[in-house]
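A quick write-up on the structure given underneath.
Naming convention: chains lettered A, B, ... in sequence-line order (proteins, then strands); numbering from 1 in each chain.
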There are 2 protein chains.
Amino acid sequence: AEVFQEISAADFFYRNRDIAGFTSPSRSIYSTIRELVENSLDACETGGIPPDIYVRLSHESGPLDGPGTYIVRVEDNGIGIPANVIPSAFGQVLYGSKYKLRQTRGTFGLGGKMALLYGQITTHSEAAITSSTGSKSRIAEVVLRIDIQQNKPVIVKNKTRTNKPHWQGTIIEFKTEADYSRAMPRILEYFKQTAIIVPYANITFVDPRGRLYKFLRGTTKVPPAPTETSPHPHGVDVETVQRMLKLTNAKSVQEFMRKNFQRIGETTARKFLQFASLGQKKNPRNLSGQDMVKLVNAMKNYDGFLSPDPTCLSPLGENLLETGIKKELGITDQEIETGSAFVTTLQRRPATYAGFPFIIEVGLASSKQIEMQGKILLFRFANKIPLLFDEASDVSWKVVDTEIDWRNYKVIPGETPLAVFVHVCSTKIPYKTVGKEFIADRPEVEHEILNAIREVGRNLRLYLSKREHLTQEKRR
Amino acid sequence: AEVFQEISAADFFYRNRDIAGFTSPSRSIYSTIRELVENSLDACETGGIPPDIYVRLSHESGPLDGPGTYIVRVEDNGIGIPANVIPSAFGQVLYGSKYKLRQTRGTFGLGGKMALLYGQITTHSEAAITSSTGSKSRIAEVVLRIDIQQNKPVIVKNKTRTNKPHWQGTIIEFKTEADYSRAMPRILEYFKQTAIIVPYANITFVDPRGRLYKFLRGTTKVPPAPTETSPHPHGVDVETVQRMLKLTNAKSVQEFMRKNFQRIGETTARKFLQFASLGQKKNPRNLSGQDMVKLVNAMKNYDGFLSPDPTCLSPLGENLLETGIKKELGITDQEIETGSAFVTTLQRRPATYAGFPFIIEVGLASSKQIEMQGKILLFRFANKIPLLFDEASDVSWKVVDTEIDWRNYKVIPGETPLAVFVHVCSTKIPYKTVGKEFIADRPEVEHEILNAIREVGRNLRLYLSKREHLTQEKRR
Ligand SMILES: Nc1ncnc2c1ncn2[C@@H]1O[C@H](COP(=O)(O)OP(=O)(O)OP(=O)(O)O)[C@@H](O)[C@H]1O
Ligand SMILES: Nc1ncnc2c1ncn2[C@@H]1O[C@H](COP(=O)(O)OP(=O)(O)OP(=O)(O)O)[C@@H](O)[C@H]1O
Ligand SMILES: [Mg+2]
Ligand SMILES: [Mg+2]
């Protein structure tokens, strides 16, 4: 007879940790560092704070080349975590502050826990979290493990102390099995690319040999934090509407539409309800299941709604992206002026997929310094996170490799020195896995990336034609 | 101030249903059908029952081309579900009978719930489950919805009735939004490929226009169901060992090793504990955290263990695979005998990755009937499931497209008529997502697929050389 069993969310992601990017000791130390750094960057940007992030990886035991035991420590000057929620924030899978409609790196309520979990299952390590939410707050010190089968924290220590230095921020430290020598190139590349896409952050990395890497900020201006938005009517289904109906105090369906969805005024609500042929005076709490289905289908099909509000997004901007690209590729302003190098960037207008707003930013760079390896050099970013793995499965690669005719832009793919940068910003990045390494080819997103690259491609073509022309002139 | 929230596993997979293969109305009806059919096939094979599966998709309302409302009904003659667990089996995410170390299609405790959930959020549908676990058991009739925020079933009806027809099996029925016209080619291809890899199953499909498709069994012999196995010492970590230690009644570490892991006898246990330098007489319950880490690391590094026991696997076998390939490609025995077509299959010996046993089966077929489309024609299977999406991200495609030098085997990729079949069987298929569409390039798995194709490639080369030779002979 079959034996039935329920497992917790923590147990699910423990058993399937490879799906979250924790396959091997080398891949896992990369995932650990990126999950913690992304938490720190979110915490700083939310507070409008120029991020100062310190990452130290120290070797404790075992071989230096190959899997050994390491100590991971990440410190930030972000908004901190209130003492009473620290245990759940780090000890309960599917718990967090990013289940909102606004652009953040975090989205699943899982990443930090996975990092701690991997350390725990490889070294039996406990995790120490130190945090303060403000110069006037006390400093919380929590040491915990995760009870994986129950999906809850096991508190080893939980106290607070006076905040003499008036510090605000968070420190995370725990032991983990890691293969640093194998992961090193990707970890360093992750920091370098983070420096492009987060040019207002200082990141310091101390590696196991004590080497210090500093990625200094190029600007102190932190963009305004994205603000939470209400759902757009194109992005809902019966479940979302049902939840809204339970909580609403609206007296009519018209008021319900205006209060629960973004950018719906009296006129739009009235016209929509006519289109949906749903009575306007009806009490929203009296809507039957059938009415809800009718309402949701009408919402999906009505084209009179305003496009989604993009204040929930926080793109980088064309100037900062250009600055970051020049810095990463070592292109000087002089080279740009004399025409021996070229950079063009573009921010598209907000678009949507499934009711979620998104913005595409792209950049193209041509410079003799770019070493071509027989294929297009592509840099991918999502919500200011560099994506370094699974390029072949990503929508940007699909566009760049199969949908752009590069000869149209005077480029021989893999030969002409060229780097392509794609940044996708959204309240819901269509990642294909919880490991956040590649983006699904949602038609609207694919289409926007394609159009963005075509647009900057024309600028590149102009530059390459000019240079070709000059070269021919010189020969005569 | 940040607002913290916990969400249930059902809410997580509702919000991220695209990760599970429920992106659009056309992709979702494909995922719905495959998840239910895979549950039915598992239920039959577990009982050694030749599967008779009936799938009916009927149109209820809305356009016939484009998203409309459909009724899905799947019936099987499998082992059924006990009445008391039906609500959780279909109403609680991360609940099921397949969290064991044996080869099954199901693995996450999620698929059936996702199908029901998608129907519920698009049409407010409830699901009707009818099941009996044996001719002597009563028939259970349950109607339920899923409370997504609480991750528990909401029972609308729950009764049993006398089993007059002495029936055993399961019937699932619910409404869902679907775009059948768009999904049809893939759904039919899924059934066709299932017929190759499950040649002992009868599948009947009635489509929305009332058309009947019958995929008849080629044999009544059902392979023996895989048996559950204990973990292999190479596949464990501190968490798994800790759970075993809590439950064990072993009086010594040596007895603990023998009782909890597969294929460890007295001698192996004794030699291993010498290697691990852990006292043999020690009470396993007195092992400290440090001891556990020491034990786990020693297990990973000790190479004196027997390779994993493959009775937990259930491959198809070379003969049945060849039969299925000939049937799918319309190759007759006469064509094989006269040399105008060729099929070769191979089952590799069991191998392992991360302590999980796996077996690779491959097939190559060359026949004038195979229309080449400028690229290698690849059929992928995992645990007797056809994988139809995300080919470019799959380890088999990586091997076939970038690691095999086909000219070595007298094949011009994309021109020479050739079909490649790869079947991976394991207690844990290294899927990259919960949508079960592509397999990660775990080095051991990639290596085995490569060696398997090279092996059958030599047979193909022999055949193609012979034919080339005969063609040259004819010309003289
Ligand atoms: N360094 C930090 N500073 C402030 N808050 C933090 C920090 N790290 C984690 N948190 C809080 O803990 C929560 C859980 O983090 P976790 O990484 O597990 O999930 P997430 O970031 O919300 O989503 P994701 O799984 O996508 O990373 C966060 O939502 C955030 O509120
Ligand atoms: N047709 C069926 N006959 C018998 N048992 C079934 C059937 N369908 C589902 N079940 C039972 O319900 C459980 C849950 O099914 P579900 O598809 O949600 O998860 P799973 O098959 O275990 O894993 P996966 O998410 O990988 O499909 C199964 O484990 C099985 O015990
Ligand atoms: Mg996070
Ligand atoms: Mg299933």
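A:T176 places no side-chain N or O within 3.5 Å of a backbone atom of A:A178 that could act as its donor or acceptor partner. Under the 3.5 Å distance criterion, the side-chain polar atoms of B:K113 are matched with a main-chain donor or acceptor of B:A89. Side chain of A:R17 to backbone of A:Y14: a donor-acceptor contact under 3.5 angstrom is found. Side chain of A:S131 to main chain of A:I81: a donor-acceptor pair is present (N/O by atom type, distance under 3.5 Å, no hydrogens or angles).
Both the backbone and the side chain of A:T433 come within less than 4.5 Å of a heavy atom of chain B. Using a 4.5 Å cut-off between heavy atoms, A:Q92 touches chain B through its side chain atoms alone. For chain A, no part of B:L117 is nearby; none of its heavy atoms comes within less than 4.5 Å. When heavy atoms are compared at a cutoff of 4.5 Å, A:T23 approaches chain B by way of both its backbone and its side chain. Of the atoms belonging to B:T69, not a single heavy atom falls under 4.5 Å from chain A. Of the atoms belonging to A:N297, it is side-chain heavy atoms, and not backbone ones, that fall under 4.5 Å from chain B. For A:K98, no part lies near chain B; criterion is any non-hydrogen pair under 4.5 Å. Proximity to chain B is limited to the side chain of A:K100, based on heavy atoms less than 4.5 angstrom apart. Only the side chain of A:D390 comes within contact range of chain B, with at least one heavy atom under 4.5 Å from a heavy atom of that chain.
No side-chain donor from either of B:T104 and B:Y99 sits under 3.5 Å from a side-chain acceptor of the other. In summary, the side chains of B:E126 and B:Q120 do not present any donor paired with an acceptor at a separation below 3.5 Å, with no hydrogens or angles considered. Defined by atom type and a distance below 3.5 Å, a donor-acceptor pair is missing between the side-chain atoms of A:Y431 and B:N16.
Taking the ring centroids of B:F13 and A:F12, they lie under the 6.0 Å cut-off. Aromatic ring centres of A:F438 and A:F389: separated by at least 6.0 Å.
Interface check for chain A: of the options B:A9, B:A392, B:S8, B:G289, the most heavy-atom pairs under 4.5 Å are formed by B:G289. Note on A:E177, A:R243, A:Q242: by heavy-atom pairs under 4.5 Å with chain B, the leading option is A:R243. The residue among A:V296, A:I148, A:D18 with the most heavy atom pairs within less than 4.5 Å of chain B is A:I148. Among A:K428, A:E228, A:K398, the residue with the largest count of heavy-atom pairs under 4.5 Å with chain B is A:K428. Between chain B and the residues A:I79, A:V85, A:V434, the largest count of heavy-atom pairs under 4.5 Å involves A:V85. Counting heavy-atom pairs under 4.5 Å between each of B:R15, B:Q149, B:M292 and chain A puts B:Q149 at the top. Contact count versus chain B (heavy atoms, under 4.5 Å) is highest, among A:P82, A:G96, A:S393, for A:G96. By number of non-hydrogen pairs under 4.5 angstrom with chain A, the leading residue of B:G62, B:S97, B:A1 is B:S97. Considering only heavy-atom pairs separated by less than 4.5 Å from chain A, the leading option among B:R442, B:E239, B:K300 is B:E239. Among A:I121, A:V293, A:D11, the residue with the largest count of heavy-atom pairs under 4.5 Å with chain B is A:I121.
A:K432 and B:E437 are not joined by a salt bridge, as no carboxylate oxygen comes within less than 4.0 angstrom of a charged side-chain nitrogen. Between A:K375 and A:E391 a salt bridge is recorded (basic side-chain N to carboxylate O distance below 4.0 Å).
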- Task: For the pair A:Q168 and A:T133, evaluate side-chain contact (heavy atoms from CB on, under 4.5 Å) and give the outcome as yes or no after the intermediate values.
- Result: CA-CA 5 Å; A:Q168 176 179 309; A:T133 55; 5.8 Å; no
